[in-house]
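Report on the structure given below.
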Amino acid sequence: MRDVHSTLNEENTAIRFFLLPVIVIVLMLSVAAMASAGTPASTGATGSVDTGPEYGVVFISSAEDRAPGSGRTSASIAQQYQDGLASGASWNRWPLYWNSIEDWPDQFNWSTQDETILDDIAHGLKTNAILLGTPGFYQTDSDVRVSRPSRPRMSQLSLDAAERATPEGLFEPIFNDGTDQPGSGKTPNPANRWAVFVWRAVNRYKPGGEIAQMHNWPDGAGITHWEMWNEPDYDSFWDGTLEDYARLLKVGYLVAKQADPNAVVLFGGLANNTKLNFYRDVLEVLSKDPMAGANGFFHDILATHSYFHAWKSWYHVYRAVGAMKAYDLDKPVWLNESGVPAWNDYPGPVWDPNSALRATSDEQADYVIQSAFYALFAGADAIFHFQLYDGCGNQPAGTDFPPHNGELCDENGQYQGKPCAGDANGLFSNPSDMSCFTQHPQGSTSRPMLAAFQVLTEYVVGVEPYWRKREGDPNACPMQHTNGSIYYTPPQEWIAFYRESSGERIVGLWTLCNRQETAIIDATSPDGRATLVFHDGQVQPIAAVNGHYTIQLPPATNRNPFGSEDENAIFPIGGKPVILIEKEDRTLPNLPFRTYAPMIVGTPSSPE
């Protein structure tokens, strides 16, 4: 995750244990529902044609919401869960900071994490748990320091210098018999501190684990998905070497599986900023490990992130699949962070419509649908939005200011020593008890992208990639190769999925530049009737004329720059998408899904 939101938050350790009978009933219903939906509750397995893709939101809640001094109230956290559930998401992604949990060697405090997983389970949410953050006394350099207790962070997913260091003992044998080989009855080597932490976390929160037994959870309830660090390809999260991360992944994988054979291990979500070959390079390191082949290269899922430029969600998933193919791997890919902040809503810089890497709140909604269609067509099995509330974005904890039009900013872009603008990433604006950005004129209200995400969770389910094409005048819209060069493409993007269970195709259509376009698409339903779904959730019936549907596609409007340029050479977010849903007998050749055309690193010459 980008260095993001620091809603450091409360401890209301009026732990809701008195609600246990209710929680147990909810748990039993939730697990039963997961099973009936075809998703094994014990693993949260994804990719099923009946239920996939999975949808999640980052920071529906987290342990930091309950940290001492956060200021959060139990009522506000309860509302936070209701807002998260309203999105249609079934997953909550949040970090378990090792450095906050083990605040002294071999002394562990899990209180706020316990509360959070209890609430996740009580609300029927599955958890994508991120394990990260080296305690200061375990860093490998000479500047040893004591880890600090839970505290307001620069952002809710962020690490200090010591916390992003390679942990002490990482290259010590993993297990207590002096080997790296798992086996019956083995426990971690105490000298391998990362192994011990992973072991404790998995045993505490796994189905049937310590907390499950303590609270009589039904079979299958607990954390099964464990992400090994966050953005290890980004220096703000990991300052070790490729070999260090490969080792951290291996240790985490083997220990998690030893603690829970049903554990699902995620490769830490990739930032995709500058080290675009990081995943492939780690696979190359692991390919020399004689244990890698038998252990799936020490991960079950590859997680990746994408922001702002909608097409990049296709690109990052596509490249991940390509890296796997090079090593004869076939694994699910999760886009477990994606989004774009708004400039025209508090706390964004409302006076700066050309703000880099931002969009309007309406363009945010366009991005949500386009990014998901691109990623799913490339082979993604899960889509997570970043994030539920704005939190603190990339700004320091405590950043706050009244709404303004730039007049409060000094010459350094500061207000009272902190940034005078922030990142409006959330499906909702912040409530007033957050640690940042508390003065939205309509706090705790949804943005248009909530409705767009709800469109995905309601209509784009149980689908598999079908076909993709670009239509209209050739050479009409500018696009950008990854080397920065500009090329031109037809103006209409059409991406289709097929839902076998209902015999329907779901086609997303939008423009790629500032042209009003008319899409003319052949009807496939026997009665020539279909449904249009718009990004705000509105639906409209449509009837074919002479065997065709005619659909108006509004022009793209976003030209916010990638950096300091005055105007972007391309349109990073297309025009308002329209989704066509209609019956199709699928008499066409049964196209292969998850097709992958090998490419040299960079953009393929075929349609992107």
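The model shown is predicted, which means the values in this text are computed figures rather than measured ones.
Considering CD1 of Ile101 and CZ of Phe197, their distance stands at 4.0 Å, rounded to 0.5 Å.
Ring geometry for Trp98 against Trp194 counts as tilted: the plane angle lies between 30° and 60°, on a 0 to 90° scale. Trp314 and Tyr318 have parallel rings, their planes meeting at less than 30° on a 0 to 90° scale where 60° marks the start of perpendicular. In this pair, Tyr234 and Phe237 present their aromatic rings tilted. The plane angle is within the 30 to 60° band.
Applying the ring pair (Phe, Tyr, Trp, His ring centres under 6.0 Å) test between Tyr245 and each of Phe267, Trp229, Phe298, Tyr279 identifies Phe267 as the sole match. For the side-chain contact (heavy atoms from CB on, under 4.5 Å) test with Tyr205, the passing option among Ile211, Thr224, Thr127 is Ile211; the others fail.
Among all heavy-atom pairs drawn from Val265 and Ala256, the shortest one is CG2-CB, 4.0 Å. Here the closest heavy-atom approach between residue His316 and residue Ser306 is recorded as CD2-OG, 3.6 Å. The shortest heavy-atom contact between Pro465 and Phe377 is CB-CD1, 3.8 Å.
Counting only residues at least two apart or in different chains, salt bridge (charged side-chain N to carboxylate O under 4.0 Å, His left out) contacts with residues 292-303 comprise Lys257-Asp300.
Glu163 and Asn99 share a side-chain donor-acceptor pair at under 3.5 Å. At a cut-off of 3.5 Å, with distance as the only test, no side-chain donor of Asp114 or Ser111 sits close to an acceptor on the other residue. There is a side-chain donor-acceptor pair under 3.5 Å between Tyr327 and Glu284.
If you look at Phe373 and Phe497, their ring centroids are closer than 6.0 Å.
Partners of Pro105 by side-chain contact (heavy atoms from CB on, under 4.5 Å), not counting sequence neighbours, listed by chain and number: Phe137, Tyr138.
Between Asp180 and Lys250, at least one side-chain nitrogen of the basic residue sits less than 4.0 Å from a carboxylate oxygen of the acidic one, meeting the salt-bridge criterion. A salt bridge between Glu54 and Lys126 is present, with a side-chain N of the basic residue lying under 4.0 Å from a carboxylate O of the acidic one.
At least one test fails for Arg93 against the ring of Trp334: distance under 6.0 Å to the centre or angle within 45° of the axis.
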